[in-house]
2 protein chains.
Amino acid sequence: MLSHKYPFMDFNMQLFLSKYKNKIDQKGRVSIPAQFRSILFQDGSQKIFCYPSLDAEAIDAGGDSLSREIYALMDNLDPYSDEKDFLSTALFGLSEELRIDSDGRVILSDALIQHAQISDEVIFVGLGQKFQIWEPNRFSNYLQDAQKKVREQRLLLSKKNKGF
Amino acid sequence: MLSHKYPFMDFNMQLFLSKYKNKIDQKGRVSIPAQFRSILFQDGSQKIFCYPSLDAEAIDAGGDSLSREIYALMDNLDPYSDEKDFLSTALFGLSEELRIDSDGRVILSDALIQHAQISDEVIFVGLGQKFQIWEPNRFSNYLQDAQKKVREQRLLLSKKNKGF
DNA sequence: AAAAATACCATGTTATCCCATAAATACCCA
DNA sequence: TGGGTATTTATGGGATAACATGGTATTTTT
């Protein structure tokens, strides 16, 4: 069964879930959580697709399905619009493919590190089809905001969806 | 036969019922009650889907039908909205899939244990399509409150119905 | 040649597997 | 129906595998 909104997602595909805190060593290496790696390796890719998150001080990351989704998004835009120029600069100009080494680690680029204000520890947060990489303190602040917003909207949700 | 109100529930599905108290050992393992396991294994899954309950100091848990319900909920949101970002952080980021080992046990994550204030014993409470995991004392307090509210509600009702 | 990236190896911790046991439950057959 | 046997279940422990992480050596880049 395919999603009507996400042509690249079906309900059988494994999703990025949960969060993991990992250290960055002196060489700048971080382990990708094994759980995430096993999802990424499903399409045979030894890379992760990354770009600075558009609306948060975090890094957006994922596998082939994420990069394909971004490509598709671009294709749907008017070729000569400002919107397309802006988005392709913001996403493709700044996106990177990081190689995952034999021990499951990557090296984050300076640009990504600076955007997310990362120092020596990061949190990997699963968001379904993609995941984010955060500086731990920034993430806990963001999470508090998110939970507050969700609670405010919970009445709406719980009426439509029993069980939440 | 599928329900039109709850597309992921059918009337033949077995429900999580009753409650069971189990111990957490030194390695952090807890047995999932056999009764619950037999329901979970019906869809072939060796995992339970868990997240911190939105409105209680407890863990919400269930099988494929619960996780699919959440995926569907996310799928209905506008892909690039703030609402979706917040919800996916709060739901996907805090959800976990716990592997059930060959003896029917799981290891609860630190985050879940902290949310539910669990130490060395838990109560599994069946809630139909899902179940909850509680620290025993907290659950009995919650039960008392719930029963009190039910009694108050009844008083109100009987006052309204005076004269009939 | 120097710096950076990559491969390879080592270690402590944690999760996972496998087996053992005791209690509870289900089963069977006289 | 009763009484004994087999199975299931929760729980503990030891052995093994996986994982994050640090370090060293080798290759590549510039």
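All values reported here derive from a predicted model rather than from experimental measurement. Order of the sequence lines sets the chain letters (A, B, ...), proteins ahead of strands, with each chain counted from 1.
Using modelled atom types, no side-chain atom of B:Ser31 and backbone atom of B:Pro33 make a donor-acceptor pair closer than 3.5 Å.
At a threshold of 4.5 Å between non-hydrogen side-chain atoms, the residues B:Phe131 and B:Ile59 do not count as touching.
Rounding to the nearest 0.5 angstrom, the gap separating the CG atom in A:Leu17 from the CD1 atom in B:Ile70 is 9.5 Å.
A:Lys23 has its NZ atom 12 Å from the P atom of C:dT13, to the nearest Å. C:dT14 atom P lies 10 Å from atom CG of B:Asp110, rounded to whole Å. Nucleotide C:dA24 holds its P atom 15 Å from the NZ atom of B:Lys21, rounded to whole Å.
Under a cut-off of 6.0 angstrom, the local environment of CG in B:Asp110 is sparse, with at most 12 non-hydrogen atoms contributed by other residues, nucleotides or ligands.
The pair A:Lys27-A:Asp25 fails the salt-bridge criterion, with no side-chain N (NZ, NE, NH1 or NH2) lying under 4.0 Å from an Asp/Glu carboxylate O. Using a cutoff of 4.0 Å between basic side-chain nitrogens and carboxylate oxygens, A:Asp60 and A:Lys130 are scored as salt-bridged. Between A:Glu121 and A:Lys23 no salt bridge is recorded (no basic side-chain N to carboxylate O distance below 4.0 Å).
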task: For nucleotides 3-9 of chain C, just jot down a letter per nucleotide in 5' to 3' order: B, S or -, based on protein non-hydrogen atoms under 4.0 Å.
output: ---BBBB

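Among A:Leu98, A:Ile133, A:Ile24, the single residue meeting the side-chain contact (heavy atoms from CB on, under 4.5 Å) criterion with A:Val30 is A:Ile24.
The span of DNA chain D lying next to chain A, judged by atoms under 4.0 Å from heavy atoms, is bounded 5' to 3' by D:dC19 to D:dA25.
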